[in-house]
Amino acid sequence: MEIGQHFIAALLTAIGVIRAISDGTTVPAAVVAGLAILAWHTAGTILPSKTRSRRLVVWWLIGFAVIWGAAVAVSAEFAWLAFLLWLLAGHLLPGFWALVFSILVFVVVVVAPIIHQDTTNYANNFGPLIGGVFALGISRGYLQLLRDAAERERLVTSLTQAQQEMAELQDELALAQRQSGAIAERTRLSRDIHDTIAQALSSIRLIAHAESGRTDDASAARTLGQIEALAGDSLADVRRIVAALAPAELDDALAAALQRMLTRLHDEAGLQTELHVDESLPLLPTEIEVALLRTAQSALANVRLHACASRVVLSLIDAEDAVRLDIIDDGTGFDVACWEAATEATSSSYGQRFMRARLRELGGGLDIESTPGEGTAISAHLPIHIAPEEKP
């Protein structure tokens with residue numbers, strides 16, 4: 001289209017110059033008028049791409065129309081260039097102003113023969129009218145094609161980003177599932193070892209110690225002492241294995257782990273922290289404790305990095321058949337609606353999406369309430385009793 005525009009400008013200018021000379025216009029006047037038109041048109045193709053100013057483009061078009069009008073004053077044959085002006089008007093001006101501009105150009109085209117020749121005919125009137133409608137229609141159609149192409153490109157970019165984000169989310173979910181499964185299995189093994197082997201070794205050590213004190217047989221006492229020592233050493237090894245298998249954050253309990261996290265946040269970032277735990281909260285399954293702990297870790301990391309808060313409160317709440325973890329800060333907050341609708345994810349939004357996905361895997365969810373300047377409240381909820389997966 002740009003090449004065609006340059007070709008049309010050069011062709012119509014050449015036709016105007018040649019016909020103006022053949023119509024009796026002096027050669028210098030006709031050539032100067034033609035060169036002025038070509039120079040202004042060439043300048044217009046360069047300036048908009050550098051300045052990207054729509055106002056400058058409009059003023060350039062108005063200047064082009066003024067130069068064209070001066071050329072038409074030299075010779076009516078330059079009215080041929082009205083076709084180029086109609087094309088440019090449809091492309092550069094809004095619909096209403098493009099129509100007004102085109103009507104003014106048409107008026108000049110109709111009046112020019114009357115001024116120069118004191119006469120006109122139907123061809124001089126209806127020919128430019130048909131050409132103007134055709135040129136304006138072409139330019140508006142081309143503009144719509146450009147808009148459609150830009151919209152398609154935007155949609156393709158959006159889909160590509162969405163696919164990339166979905167792939168990253170799936171990878172993170174798969175990793176979280178593997179980690180959660182590994183933690184649950186390690187915890188189950190540690191509890192089984194503690195409740196069976198460790199208890200048995202402890203009983204053996206106690207029995208050997210008691211029997212060694214009641215026997216008078218030196219050989220038997222020595223053997224029982226060896227059994228006691230061996231059982232003690234084995235018990236220490238078993239306890240070390242149990243400690244290595246169990247999640248470090250949950251050595252004591254979820255509430256204790258959350259308190260350690262808040263204490264560390266207070267010591268490192270200077271935030272005021274509070275923890276509230278319902279006394280009626282029952283013993284939670286390991287999967288629930290791990291999911292809530294990871295949610296708290298991610299949420300507190302966001303508070304520390306992005307919220308600019310001075311105070312954060314954690315509440316572990318017994319909600320009958322569910323458990324709820326509320327994290328409230330007095331930071332800067334954010335627009336939740338914009339975050340929910342956003343297509344480009346930031347690092348913090350990835351963390352919140354991963355929190356929500358992890359909780360949904362266990363049948364729960366994540367609710368976020370926030371207003372810019374008024375802090376953020378995050379509520380994670382999970383059912384206490386997770387239904388076992390059906391096996392085929």
Side-chain angles (χ1 to χ4, degrees), residues 166 169-192 245-262 264-265 273-304 307 312-329 336 339-340 345 348-370 375-391:
M166 182 61 69
L169 181 59
Q170 289 176 345
D171 292 342
E172 181 66 18
L173 284 176
L175 178 60
Q177 289 175 349
R178 289 195 296 270
Q179 291 177 344
S180 178
I183 291 174
E185 183 63 18
R186 288 161 63 93
T187 304
R188 186 188 65 81
L189 288 174
S190 67
R191 288 178 176 174
D192 288 346
L245 287 174
E249 301 92 338
L250 297 176
D251 282 344
D252 300 326
L254 177 60
L258 292 176
Q259 184 60 62
R260 285 196 301 272
M261 292 169 55
L262 290 176
R264 187 163 56 249
L265 183 64
T273 61
E274 292 182 21
L275 175 64
H276 303 288
V277 180
D278 283 355
E279 295 181 356
S280 60
L281 191 69
L283 182 64
L284 300 175
T286 303
E287 299 90 337
I288 298 296
E289 291 187 338
V290 171
L292 292 178
L293 183 69
R294 300 307 181 207
T295 300
Q297 287 176 329
S298 183
L300 292 178
N302 285 340
V303 171
R304 180 175 181 177
V312 60
V313 178
L314 263 68
S315 300
L316 199 58
I317 301 170
D318 180 10
E320 297 182 355
D321 292 335
V323 59
R324 196 173 79 241
L325 176 65
D326 294 343
I327 303 130
I328 303 174
D329 67 74
V336 178
W339 174 78
E340 293 285 355
S348 60
S349 66
Y350 271 131
Q352 291 169 348
R353 287 188 174 94
F354 294 153
M355 281 191 286
R356 179 169 288 172
R358 182 182 292 116
L359 294 170
R360 285 177 177 173
E361 287 292 319
L362 298 175
L366 183 70
D367 299 323
I368 302 174
E369 295 182 4
S370 184
T376 302
I378 295 178
S379 180
H381 54 88
L382 284 170
I384 293 178
H385 303 288
I386 302 176
E389 296 183 0
E390 296 182 0
K391 296 184 179 181

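FYI, side chains are in, hydrogens and waters are out, and symmetry mates aren't considered; it's all heavy atoms of this structure. Because the structure is predicted, anything quoted here is derived from the model rather than measured.
Listed by chain and number, the residues in a side-chain contact (heavy atoms from CB on, under 4.5 Å) with Ala296 are Leu258, Met261, Leu314, Leu325 (sequence neighbours excluded). Under the side chain to side chain donor-acceptor pair (under 3.5 Å) criterion, Asp318 pairs with Ser280, not counting sequence neighbours. For Thr273, there are no side chain to side chain donor-acceptor pair (under 3.5 Å) partners two or more places apart in sequence or in a different chain. A search for salt bridge (charged side-chain N to carboxylate O under 4.0 Å, His left out) contacts involving Glu274 returns Arg311, not counting sequence neighbours. Remark: Ile328 engages Ala377 in a side-chain contact (heavy atoms from CB on, under 4.5 Å) (not counting sequence neighbours).
Annotation for Ser370 and Gly375: closest pair OG-O, 3.0 Å, computed over non-hydrogen atoms. Taking both residues in full, the closest heavy atoms of Ala380 and Leu359 are given as CB-CD1, 3.5 Å, listed atom of the first, atom of the second, then distance. Minimum interatomic distance between Ile288 and Pro383 (heavy atoms only, all atoms of both residues): CD1-O, 3.3 Å. When all heavy atoms of Glu289 and Leu254 are compared, the pair lying nearest together is O-CD1, 3.7 Å.
Put simply, the side chain of Asp367 reaches to within 4.5 Å of the side chain of His381, judged on heavy atoms. With a 4.5 Å cut-off on side-chain heavy atoms, Ile378 and Asp329 do not count as touching.
The line from CD1 of Ile327 to CG of Leu316 is 10.0 Å long, rounded to the nearest 0.5 Å. In this structure, CG on Asn302 lies 9.5 Å from OG1 on Thr376, to the nearest 0.5 angstrom. Atom CG in Leu275 sits 7.5 Å away from atom OG in Ser315 (nearest 0.5 Å). Atom-to-atom distance recorded for Gln297:CD and Leu265:CG is 12.0 Å, nearest 0.5 angstrom.
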Please evaluate residues Val323 and Leu382 with respect to the criterion side chain to side chain contact (heavy atoms under 4.5 Å, CB included), reporting the C-alpha separation (whole Å), side-chain torsions for both, the decisive distance (0.1 Å), and the verdict. CA-CA 6 Å; Val323 59; Leu382 284 170; 4.2 Å; yes
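No donor-acceptor distance shorter than 3.5 angstrom exists from the side chain of Ser298 to the backbone of Arg294, with no hydrogens or angles considered.
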